[in-house]
Amino acid sequence: MTTEGPILHADLDSFYASVEQRDDPSLRGRPVIVGGGVVLAASYEAKAYGVRTAMGGGQARRLCPDAIVVPPRMHAYSEASKAVFEVFGNTTPLVEGISIDEAFLDVGGLLKIAGTPSRIAAQLRKDVLEQVGLPITVGVARTKFLAKVASGVAKPDGLLVVPHDKEMEFLHPLPVERLWGVGKVTAQKLRERGVTTVGQMEGFGEKELVRMLGRGVGTHLHALAHNDDPRRVRTGHRRRSIGAQRALGSRPRSPAELDTMLLTLADRLARRLRAAHRVCRTVVLRMRFADFTKATRSHTLLEATEQTGAIVAAARDLLAAARPLIDERGLTLIGLALTNLTKDDSIQLALPFEAKPRDALDATLDTVRDRFGSKSITRAVHLGQAEEPWVPLLPD
């Protein structure tokens with residue numbers, strides 16, 4: 001028997017920046033920033049100066065004048081991610097990808113074959129470094145929540161095991177911000193009531209937290225503070241939503257600029273939707289403002305669709321409705337998400353019960369881009385503009 005939990009949370013360290021340092025030895029040990037206008041990733045050497053992901057490039061360079069700024073190479077990151085996930089799959093068949101650089105692995109059934117979870121985690125780190133050339137941090141625990149917290153505490157390039165009988169001892173001293181769902185607003189509410197650590201939160205009953213934070217957040221955080229997380233590592237499940245976003249920096253953007261960016265996001269998501277043979281019912285506009293607050297607006301369509309035109313129309317209506325809010329507070333990030341996804345062969349037909357043919361324009365554009373590349377054909381409003389770097393994603 002072992003006191004170690006069966007769940008591993010494996011998380012690559014400063015993924016984009018680590019790939020750059022791997023491929024260019026002159027960057028190793030030096031502060032590296034990926035992306036110029038907006039920081040897409042920063043090495044730990046740059047993070048030591050306060051540089052953070054999504055920070056404006058100007059602010060990042062002021063914080064770290066000696067930083068080396070490199071353009072993103074999304075294809076290299078995609079290939080590195082595939083190689084790492086191949087290592088995951090060779091470790092255990094039970095892998096749940098969370099993003100291109102992190103996953104949960106269930107190794108509970110491998111005790112007699114490969115040893116304890118800590119031994120498997122150590123071998124996993126060794127395999128990723130030797131086969132892919134990247135550092136990776138692993139947390140080992142009984143629950144997915146605790147394994148993720150453990151990997152966060154162990155970063156960078158570490159391994160942390162939380163045994164069954166040490167769970168509360170590990171959790172209690174941690175700041176409340178370590179809990180999923182605790183952002184700046186929730187943390188401030190808790191601090192106003194003298195709650196700064198998970199141990200202090202555990203002393204509150206569920207009803208008290210619900211009154212303090214609302215039913216959803218209060219119930220969720222009460223469970224996490226007691227390490228109550230029954231979720232299993234799930235394999236083979238499909239996304240319930242897909243999304244894309246773009247950081248804008250602090251410069252004001254005109255309505256025409258925002259519309260162009262929205263078109264780019266909608267085109268990209270609609271193409272992903274069709275490639276995955278799925279349709280959506282709801283279009284969601286995500287916004288972050290200059291005061292760091294966030295807002296979303298959504299519209300549910302009468303019929304599920306994969307057509308770019310329908311998605312663009314809904315997104316434009318949402319952006320127009322949010323215009324007064326944008327003018328008042330300033331927009332620093334715009335995002336689009338498609339939710340309520342189903343398979344494209346499960347659309348409920350409307351009278352007169354005729355399946356709608358696939359949009360001819362969408363089909364033609366997809367064929368051209370698949371054959372000649374995404375740059376081969378574009379909208380007129382995008383001509384002369386620098387192509388936005390695409391972000392590698394897990395399969396839909």
Side-chain angles (χ1 to χ4, degrees), residues 214-216 236-246 253 255-289 293-329 331 333-370 374 377-382 388 390-391 393-396:
R215 179 171 298 279
H237 66 285
R238 304 194 75 183
R239 296 174 185 268
R240 290 175 292 182
S241 66
I242 59 173
Q245 62 188 30
R246 178 178 172 183
R253 304 286 182 159
E257 285 181 292
L258 293 180
D259 184 71
T260 299
M261 295 172 191
L262 198 68
L263 284 172
T264 300
L265 297 175
D267 280 340
R268 186 177 301 167
L269 291 176
R271 188 180 176 201
R272 280 180 60 191
L273 202 63
R274 292 188 293 272
H277 299 288
R278 308 190 81 185
V279 292
C280 75
R281 277 291 306 277
T282 303
V283 179
V284 182
L285 176 69
R286 303 187 186 279
M287 298 169 286
R288 186 180 69 208
F289 303 106
T293 58
K294 300 176 182 179
T296 61
R297 298 291 185 269
S298 64
H299 174 71
T300 299
L301 305 168
L302 292 176
E303 297 181 27
T305 187
E306 80 282 54
Q307 296 184 5
T308 303
I311 293 168
V312 167
R316 279 176 160 164
D317 287 345
L318 292 172
L319 184 62
R323 189 71 224 181
L325 195 60
I326 294 172
D327 292 339
E328 176 187 344
R329 296 160 68 178
L331 195 65
L333 180 144
I334 185 171
L336 200 64
L338 308 179
T339 68
N340 288 339
L341 304 185
T342 57
K343 294 189 293 185
D344 60 6
D345 60 0
S346 61
I347 301 176
Q348 183 174 346
L349 300 181
L351 291 172
F353 298 130
E354 293 181 359
K356 294 184 178 180
R358 187 182 179 192
D359 184 87
L361 178 60
D362 285 341
T364 302
L365 292 175
D366 289 346
T367 300
V368 171
R369 287 167 175 158
D370 288 343
S374 59
I377 189 166
T378 188
R379 292 178 182 269
V381 294
H382 295 146
E388 288 296 314
W390 59 275
V391 178
L393 300 160
L394 292 174
D396 294 316

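Being a predicted model, the structure only gives us computed values, none of them experimental.
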Asks: Can you confirm whether Val283 sits close enough to Ser298 that some side-chain heavy atom of one is under 4.5 Å from a side-chain heavy atom of the other?
Replies: no

Asks: Could you tell me which non-hydrogen atom of Ser241 sits nearest to which non-hydrogen atom of Thr339, and how far apart they are?
Replies: CB-CG2, 3.5 Å

Asks: At their closest point, which heavy atom of Ile311 faces which heavy atom of Ala266, and how far apart are they?
Replies: CG2-CB, 4.3 Å

Asks: If I compare all heavy atoms of Leu333 with all of Gln245, which pair ends up nearest, and what's the gap?
Replies: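 Here Leu333 and Gln245 meet closest at CD1-NE2, 3.8 Å.
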
Asks: Using the side-chain contact (heavy atoms from CB on, under 4.5 Å) rule, take Leu319 and Ile334 through it: C-alpha gap first, then chi angles, then the decisive distance, then the call.
Replies: CA-CA 10 Å; Leu319 184 62; Ile334 185 171; 4.2 Å; yes

Asks: Grab the two heavy atoms, one from Thr308 and one from Ala270, that are nearest each other, plus how far apart they are.
Replies: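 In terms of heavy atoms, the two residues are closest at OG1-CB, 3.4 Å.
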
Asks: When you measure from the side chain of Arg288 to the backbone of Thr293, do you find a donor-acceptor pair of N or O atoms at a distance under 3.5 Å?
Replies: no

Asks: Do you know the tightest heavy-atom contact between Ala304 and Val279?
Replies: CB-CG2, 3.7 Å

Asks: Does the side chain of Arg316 come within less than 4.5 Å of Asp259's, by heavy atoms?
Replies: yes

Asks: Rounded to the nearest 0.5 Å, what separation is found between the CE atom of Met287 and the NZ atom of Lys294?
Replies: 12.5 Å

Asks: If you look at every heavy atom in Pro324 and Ala320, which pair is closest and at what distance?
Replies: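 The pair with the smallest heavy-atom distance is CD-O, 4.0 Å.
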
Asks: Less than 4.5 Å apart, any side-chain heavy atom of Leu341 and any of Ile242?
Replies: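 In contact.
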
Asks: Considering only NZ, NE, NH1 and NH2 on the basic side and carboxylate oxygens on the acidic side, decide whether Asp267 and Arg271 come within less than 4.0 Å.
Replies: no

Asks: What I'd like to find out is whether the side chain of His299 reaches to under 4.5 Å of the side chain of Leu301, using heavy atoms alone.
Replies: yes

Asks: Take Thr305 and Arg281, measure what side-chain hydrogen bond (donor to acceptor under 3.5 Å, both in side chains) needs, and give me the verdict at the end.
Replies: CA-CA 7 Å; Thr305 187; Arg281 277 291 306 277; over 6 Å; no

Asks: Please determine whether side-chain contact (heavy atoms from CB on, under 4.5 Å) holds for the pair Ile326 and Arg323, giving the CA-CA distance in whole Å, both sets of side-chain angles, and the decisive distance to 0.1 Å.
Replies: CA-CA 5 Å; Ile326 294 172; Arg323 189 71 224 181; 4.2 Å; yes

Asks: Report the C-alpha distance between Leu336 and Arg268 in whole Å, list the side-chain angles of each, state the deciding distance to 0.1 Å, and finish with yes or no for side-chain contact (heavy atoms from CB on, under 4.5 Å).
Replies: CA-CA 10 Å; Leu336 200 64; Arg268 186 177 301 167; over 6 Å; no

Asks: Sub-3.5 Å donor-acceptor pair from the side chain of Arg329 to the main-chain atoms of Phe289, do we have one?
Replies: no

Asks: In Å, rounded to the nearest 0.5 Å, how long is the span from OG1 of Thr342 to CD of Glu306?
Replies: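 Rounded to the nearest 0.5 Å, the OG1-CD separation comes to 10.0 Å.
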
Asks: Can you find a heavy atom in the side chain of Leu285 that is under 4.5 Å from one in the side chain of Leu262?
Replies: yes

Asks: Other residues, nucleotides and ligands only: do more than 12 of their heavy atoms fall within 6.0 Å of CZ on Arg215?
Replies: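 12 or below, so no.
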
Asks: Mind checking whether Leu338 and Thr282 have side chains closer than 4.5 Å, heavy atoms only?
Replies: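 No, side chains not in contact.
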
Asks: So Arg278 and Arg272, do their side chains get closer than 4.5 Å, heavy atoms only?
Replies: no

